[in-house]
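These notes are about the structure you will find just below.
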Amino acid sequence: MQYWLIKSEPETYSLEDLKKEKIGRWDGVRNYTARNNLRLMRTGDLCLFYRSVTQPAVVGLCKVVKEHYPDPTSDNPAWVAVDVEFHSALKKEVPLKAIKDNPNLQEMALLKQSRLSVQPVSVAEFDEILNLSEK
DNA sequence: GCCAACGTTGGC
DNA sequence: GCCAACGTTGGC
């Protein structure tokens, strides 16, 4: 069981969109590192849903329900998509600033590699973010 | 809207 | 294989 963080701009695809659809296709990834991470996702893995650009924050959770397959939005079968299912909205959003200010979260890829749109999250980081969302 | 970071492309 | 030019992401 691995944890992940996936980013989306709210105007492109929001947590509310995923909630409505229940199951959404995570496609359009055109970055090799992010693609490699998509390939490593397994059914049942949990993902932090991160809203980028507009009020950047972790806003919810979703679950991988279909492992990687060729991305229908690309002619090149090397690009892949996964399907994720809406799990929950955080009781309280965890803004980027709170992550930056938290000494336990300084090693997150979110801070070190700000442009990576699909990234692994450690158990400790995942727990810490959920903890912050309860406060 | 600006700009830093960083990924990609293409000339050599 | 190097590197300059250019494009994109994403915070502010």
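Values below: all heavy atoms of this structure, side chains included; hydrogens, waters and symmetry mates excluded. Sequence lines set the chain letters: A, B, ... in the order given, protein chains first and strands last, and positions in each chain run from 1.
Taking A:D71 as the reference, A:R30 meet the salt bridge (charged side-chain N to carboxylate O under 4.0 Å, His left out) condition, with sequence neighbours excluded. In this structure A:E128 satisfies the salt bridge (charged side-chain N to carboxylate O under 4.0 Å, His left out) test with no other residue, sequence neighbours excluded. Residues satisfying the ring-ring contact (aromatic ring centres under 6.0 Å, His included) criterion with A:Y32, sequence neighbours excluded, are A:W79. Every residue meeting the side chain to side chain contact (heavy atoms under 4.5 Å, CB included) condition with A:E67, not counting sequence neighbours, appears here in chain and number order: A:R42, A:T43. Shown here are the salt bridge (charged side-chain N to carboxylate O under 4.0 Å, His left out) partners of A:E11, two or more places apart in sequence or in another chain: there are none.
Taking atom CG of A:N31 as the reference point, atom P of C:dT9 lies 10 Å away to the nearest angstrom. C:dT8 atom C1' lies 16 Å from atom CD of A:E11, rounded to whole Å.
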If you restrict it to nitrogen or oxygen atoms, what contacts under 3.5 Å exist between nucleotides 4-6 of chain C and the protein, and what is each distance?
none

Below 3.5 Å between N/O atoms, which protein atoms pair up with nucleotides 10-12 of chain C? Just atom names and distances, please.
{"from": "C:dG10", "atom 1": "OP1", "to": "A:K7", "atom 2": "NZ", "distance (Å)": "3.2"}
{"from": "C:dG10", "atom 1": "OP1", "to": "A:R115", "atom 2": "O", "distance (Å)": "3.3"}
{"from": "C:dG11", "atom 1": "OP1", "to": "A:Y50", "atom 2": "OH", "distance (Å)": "2.7"}
{"from": "C:dG11", "atom 1": "OP2", "to": "A:V53", "atom 2": "N", "distance (Å)": "2.7"}
{"from": "C:dC12", "atom 1": "OP1", "to": "A:K100", "atom 2": "NZ", "distance (Å)": "2.4"}

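Here the side chain of A:D17 pairs a donor or acceptor atom with the backbone of A:S14 at under 3.5 angstrom.
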Show the atom names and distances, to 0.1 Å, of all donor-acceptor pairs under 3.5 Å that link a side chain in residues 110-119 of chain A to residues at least two apart or in another chain.
{"from": "A:K112", "atom 1": "NZ", "to": "A:E107", "atom 2": "OE1", "distance (Å)": "2.9"}
{"from": "A:Q119", "atom 1": "OE1", "to": "A:L110", "atom 2": "N", "distance (Å)": "2.6"}
{"from": "A:Q119", "atom 1": "NE2", "to": "A:L116", "atom 2": "O", "distance (Å)": "2.9"}

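Applying the salt bridge (charged side-chain N to carboxylate O under 4.0 Å, His left out) definition to pairs two or more places apart or across chains, those involving residues 87-100 of chain A are A:R51-A:E93, A:K91-A:E134, A:K97-A:D101.
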